[in-house]
Amino acid sequence: MGAITILNIVLRLAIWFLLTDDFSLPNIIIGMAIAFLIPLSRKSSSTLKDWLRILWEVIVAVPQAYLEAFEIIFRPHNDEDIIRKKVKVRRNSGLIFLDIFLITFTPKTIVVKYDEEGWYEIHRVKRKIRNKK
Amino acid sequence: MIDTLSYGLIIVGIIFWFWGTLPLIGNRSVLFKLHSLSVSDTLGSMAIVVGLLLKIPNEWSLLVLAIMTLAIWNTVLGYVLAYCSSSNEKIINKK
Amino acid sequence: MDSILIAMILALLIPIYEAWQDDDIWQKMLAFASIATKTSIMMLVISVLRDDWSIGVVAVITLSVGEAGLMLLAHLIKRLNEA
């Protein structure tokens with residue numbers, strides 16, 4: 001049993017207890033049974049480290065989003081452009097979803113398009129440069 | 001103390017609302033408006049709900065659920081709107 | 001608390017005005033998305049104000065259902081434009 005399996009089951013148990021809000025013995029037993037009975041997903045190619053890192057990034061993203069919000073409020077960003085960014089290798093769909101979520105959550109950047117060959121198109125605002133808009 | 005903090009958060013949220021919604025009226029591109037809307041509708045609303053949460057903490061489960069729904073659905077909606085509105089027209093004026 | 005509600009109603013008027021005034025469909029969709037979020041947050045504030053949690057439950061449901069509906073609508077409009 002790998003580390004990812006354990007993380008997965010712990011996550012299921014946490015969601016179960018949040019949903020039911022009940023710590024009696026029968027409820028714990030039912031929760032354990034459900035967590036182990038739901039089939040585990042196919043072999044995923046991403047490692048535990050990838051998951052832990054992206055979970056950490058989600059937590060960091062919240063204060064960072066507020067920071068960026070204040071930044072574009074006090075110093076107007078009137079220019080816009082589109083950049084392309086390479087997706088990190090060995091990503092399954094869950095990790096890609098979280099990546100897109102992270103980029104779009106911060107106010108300065110929005111993912112416009114994700115194409116199968118592994119590129120994000122990101123729209124972002126920036127401060128005005130001298131030439132025309 | 002807690003009361004001031006919660007009112008402060010709600011007022012910050014409402015300022016975000018006005019700041020982010022006013023650009024809607026001008027004629028900028030859809031994507032530019034989407035940036036300011038994500039400030040107002042996601043972050044501003046989250047600030048308001050956190051303010052409410054500080055005010056009345058005993059119904060925390062519903063309000064925490066509201067914060068999570070807000071963060072996830074608003075972000076995904078922003079992505080879907082950006083994707084759908086830009087796929088058939090070229091708004092790229094410089095790469 | 002009442003003045004907070006009044007400020008929120010004023011903020012809500014902006015996207016309503018925009019939805020009425022702009023003819024481009026995507027600008028309208030943006031305005032509708034904004035209206036959907038703002039109304040649900042106002043419902044949450046009212047539920048705290050009146051201390052009635054059934055309103056709050058309805059607000060959370062409206063929030064998620066409204067946004068999901070807008071996503072569906074965006075995809076529909078995209079398909080229609082492609083055809």
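Residue numbers start from 1 in every chain, and the chains themselves are labelled A, B, ... in the order their sequence lines are given, proteins ahead of strands. Since the structure is predicted, the reported quantities are computational estimates derived from the model, not experimental observations.
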Could you tell me which portion of [X] (side chain, backbone, both or neither) has an atom closer than 4.5 angstrom to a non-hydrogen atom of chain B?
{"X": "C/L44", "value": "both"}
{"X": "C/I25", "value": "neither"}
{"X": "C/E67", "value": "both"}

* **Stepwise side chain to side chain contact (heavy atoms under 4.5 Å, CB included) check, C/Q27 with B/R28** => CA-CA 10 Å; C/Q27 308 269 0; B/R28 296 299 300 257; over 6 Å; no
* **Interatomic distance, C/M8 atom CE to B/S45 atom OG [nearest 0.5 angstrom]** => 7.5 Å
* **Spatial distance of atom CG (C/D22) from atom NZ (B/K33) [nearest 0.5 Å]** => 5.5 Å
Count the heavy-atom pairs under 4.5 Å between each of [options] and chain C, then report the option with the highest count.
{"options": "B/Y7, B/W17, B/F18", "value": "B/W17"}
{"options": "B/N74, B/L65, B/I14, B/I56", "value": "B/N74"}
{"options": "B/L24, B/I72, B/L63, B/I48", "value": "B/L24"}

Greatest number of heavy atom pairs closer than 4.5 Å to chain B - which of [options]:
{"options": "C/L73, C/T37, C/L70, C/V60", "result": "C/T37"}
{"options": "C/S64, C/S47, C/A36", "result": "C/S64"}
{"options": "C/A31, C/S34, C/A7, C/S40", "result": "C/S34"}
{"options": "C/Q21, C/M29, C/R79, C/H75", "result": "C/H75"}

* To do: Measure B/T42 against the heavy atoms of chain C and call it side chain, backbone, both or neither at under 4.5 Å.
  => neither
* **Heavy-atom side-chain contact between B/I25 and C/Y17 under 4.5 Å** => yes
* Check whether any side-chain heavy atom of C/I41 sits under 4.5 Å from a side-chain heavy atom of B/L70, and report yes or no. => yes
* Let me know which of B/V30, B/D41, B/L31 forms a side chain to side chain contact (heavy atoms under 4.5 Å, CB included) with C/L30. => B/V30
* Intermediate values then yes/no, side-chain hydrogen bond (donor to acceptor under 3.5 Å, both in side chains), C/K38 and B/T21 -> CA-CA 10 Å; C/K38 287 192 169 56; B/T21 323; 3.2 Å; yes
